[in-house]
Protein chains: 2
Amino acid sequence: MRGPSPPKTARENPLSSSARPSHPKVGITEVARHAGVSPGTVSNVLNRPERVASATRRRVEAAIAELDYVRNSSGSSLRSGRSSSVGLLVLDVTNPFFTEVSRGVEDEAVTQGLAVVLLNSAEARDRQRRNIRLLAEQRAAGAVVMPVDDDLSDLLWLRRQGTAWVALDRGDVGEDVGCSVSVDNLAGGLIAGRHLIGLGHEQVTFLAGPFSIEQVRQRHEGLRTAFAEAGMDPGGAVRVVERPLLNPEQGEQAVDAVLAGGPRQRPSAVLCANDQLALGLMKGLGRRGLRVPDDLSVMGYDDVDFADLIHPGLTTVAQPKYRLGRAAMRLLNSELDHPEHHVHERILFTPELVVRGSTAVHRTG
Amino acid sequence: MRGPSPPKTARENPLSSSARPSHPKVGITEVARHAGVSPGTVSNVLNRPERVASATRRRVEAAIAELDYVRNSSGSSLRSGRSSSVGLLVLDVTNPFFTEVSRGVEDEAVTQGLAVVLLNSAEARDRQRRNIRLLAEQRAAGAVVMPVDDDLSDLLWLRRQGTAWVALDRGDVGEDVGCSVSVDNLAGGLIAGRHLIGLGHEQVTFLAGPFSIEQVRQRHEGLRTAFAEAGMDPGGAVRVVERPLLNPEQGEQAVDAVLAGGPRQRPSAVLCANDQLALGLMKGLGRRGLRVPDDLSVMGYDDVDFADLIHPGLTTVAQPKYRLGRAAMRLLNSELDHPEHHVHERILFTPELVVRGSTAVHRTG
DNA sequence: CACCTGGGTTGAAACGTGTCAACGAAAACG
DNA sequence: CGTTTTCGTTGACACGTTTCAACCCAGGTG
């Protein structure tokens, strides 16, 4: 695709002005010749240094340095059948929640010398599919995946291709299918609901993302449970507004729907499926001249960085984002290291309530 | 590294329960046999479909579908010397500015069938170096890079290895070195300064990131120019507070330094090098009981999503983030397509002032 | 001294693909 | 009808690495 110079004419590349011209083709064999050993030995120096006598090892390392050899990972993963990079398939790079998770994944991956490639599904099924295909073509060692919906068929296909994965933030994948690490969304909805009920709210709206996402469903269910638990009828007390995506724009556009309804059903508090939605909603409310929390209490979910930075601070349900990513990658590592006697595992974190300024007691009347 | 099963024993993999067992090894040759053609023809179907008769093409495509063949990109890039993925080397995945840019890059890359792998420097030189090495080992086709500082030696090395790149948001790379696309930071600082001066501010603080970053230096310079232009002494009017990183935490921690100084030098407005810094600063000010913009005007830089979502809205200098990414990738594409008669190019966008609620006229007295 | 042992090293054989000269057949031409 | 051109297809080879049986040799054992 690139032909660095007119094919047959091995003309000197004008770019390599500084430093040694760095012979265009330095492979393992060239290094071997230069060090007076066989290619196999060089390979050993690279991959199992302990098996080679320290004298020759030093000689090889010197040659590597002198020739400025850089390993060709295509060759290596072609021969070994697997590449040494793992995919991180994320729902939305734009969402701070995911970027935080990715930090955890990266930190854990480097300890194993694995490279992380970050891929973005943008909450779209076909993009997820494209990315999964990409991972298969690259023969990725493994992947950490946040599935876009309940249909795991593409992921099963990926595993059949020989690429292991662990599901993140999706607790409902059976343990016969794969590992998963997630946060208890039922519990999250529950503590959110209890918090609002404790403040005297009797009519709340759940501003939801698509119900095709399991997290959304469970947070909703938890919220309803809280009301049932308090002896109130969830059917009457919690209304749902569903949006197709979980971003701020959607939150802002939802204002009308949230405020709609007769004075009787008008909510005194809103629980958003997401901090992003909450942020947009608060902006929309501000536009309408409504004050948070005086006119309406607002809760988010995730506790992303900016939840603490806006005014009023966003009351929200915190998820251990960094640890989530770390745990997922650790699980993946253990599966890669011992594929034969690996049994899928499910890790469940517990969310925590973080109270800030965006929720207040319901002033009746 | 992975040994799918005890070496010699080709035992049936218990995982492939559903669907066809999908013979573990389907390569281009297997497809060829199945379609009754030569491997070369299959390769042509994959890469230059127009050169193969439609009858045989259909036959091959059927075989591909039936065998569930998935191309092995290791083999392909080993043979061709280049992989078909490009790197996007970003300063900080956490910063919404970069995620927006990445969307532009991705959208443009898919039009050329290139896969984008996102790599994170975390504003750290050694991580940038690791990532550059990774790109070299993978023989990446190219890269879009936001350099962490002025030292471009690693990037020059990368190009010597045969991987082209274009610099993003770093206008000072010479056109003898590589393409670049950036936003005019001098102009940005200038319009920011004019805005503040127009509001009557005479004493402002520039809350800066590390001055090793070119953008920071230039925005500062633009700000000073605005004052000089207005007949005021920049040396007296603009004070600088420098922070080592460009994130919200740093902004919050800078409150003391910003407010420090006798009543005479106490600023009535702050220009932040970054929206992230501005956000943190505003939070810190809130903690101190100071109101924005009543007690202090605050400006950001970038116009990330949330600048419009917080209260008060953040007055800021908008950069065309998405177009930035798109332009960079387009430049890279053109270099990859015609490496021989390519001449490096420099694209400079113009920033725009976005006035929101965080700046107000200076109430003297 | 003959024999074994085992750590170091070698050489050749894959891995799956792209490329390219060569070739056959059919079509266009004189 | 013979000759050239065009279009499709073929095989074999090369890319850079890992792997593995074979081998060498020094040191220990009987």
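All chains are named by letter (A, B, ...) in the order of the sequence lines, taking the proteins before the strands, and each is independently numbered beginning at 1.
- In this structure, Glu335(A) CD and Glu340(A) CD are separated by 10.5 Å, a value rounded to the nearest 0.5 Å.
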Original post:
Going 5' to 3' along nucleotides 7-13 of chain C, which nucleotides have protein heavy atoms under 4.0 Å from the base (write B), which only from the sugar-phosphate (write S), and which from neither (write -)?
Top reply: -SSB--B
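- Arg125(A) and Val148(A) get closest at one heavy-atom pair: CA-CG1, 3.9 Å.
- Between Arg71(B) and dG18(C) there is a side-chain N or O to OP1 or OP2 distance below 4.0 Å.
- Separation of atoms CG (Asp68(B)) and CH2 (Trp157(A)) is listed at 6.0 Å; rounding is to 0.5 Å.
- Rounded to whole angstrom, the span from the CG atom of Leu78(A) across to the C1' atom of dA14(C) amounts to 9 Å.
- At whole-Å resolution of the value, CD1 in Ile28(A) and P in dC15(C) are 18 Å apart.
- Between dT17(D) and Asn72(A), no contact under 4.0 Å exists linking OP1 or OP2 to a side-chain N or O.
- In this structure, Arg59(A) does not pair ionically with Glu66(A), as no charged nitrogen and carboxylate oxygen lie closer than 4.0 Å.
- Contact annotation for Ser43(A): base contact, defined as any heavy-atom pair under 4.0 Å involving a base atom.
- Taking atom CG on Asn47(A) and atom P on dG16(D), their separation rounds to 17 Å, with Å as the unit.
- When distances run from any side-chain atom of Lys25(B) to the nucleotides dG18(C), dT17(C), dG16(C), the shortest one goes to dG16(C).
- Aromatic ring orientation, His342(B) versus His344(B): perpendicular (interplanar angle above 60°, classes split at 30° and 60°).
- Atom-to-atom distance recorded for Ser180(A):OG and Leu331(A):CG is 8.0 Å, nearest 0.5 angstrom.
- The side chain of Arg48(B) contributes an N or O atom lying less than 4.0 Å from OP1 or OP2 of dT19(C).
- Remark: the backbone N or O of Ala136(A) is paired with a side-chain donor or acceptor of Arg139(A) at under 3.5 angstrom.
- Taking atom CZ on Arg33(B) and atom P on dT10(D), their separation rounds to 14 Å, with Å as the unit.
- Atom-to-atom, CZ of Arg82(B) to P of dT19(C) comes out at 14 Å; the value is rounded to the nearest Å.
- As a whole-Å value, the separation of Gln138(A) CD from dC15(C) P is 22 Å.
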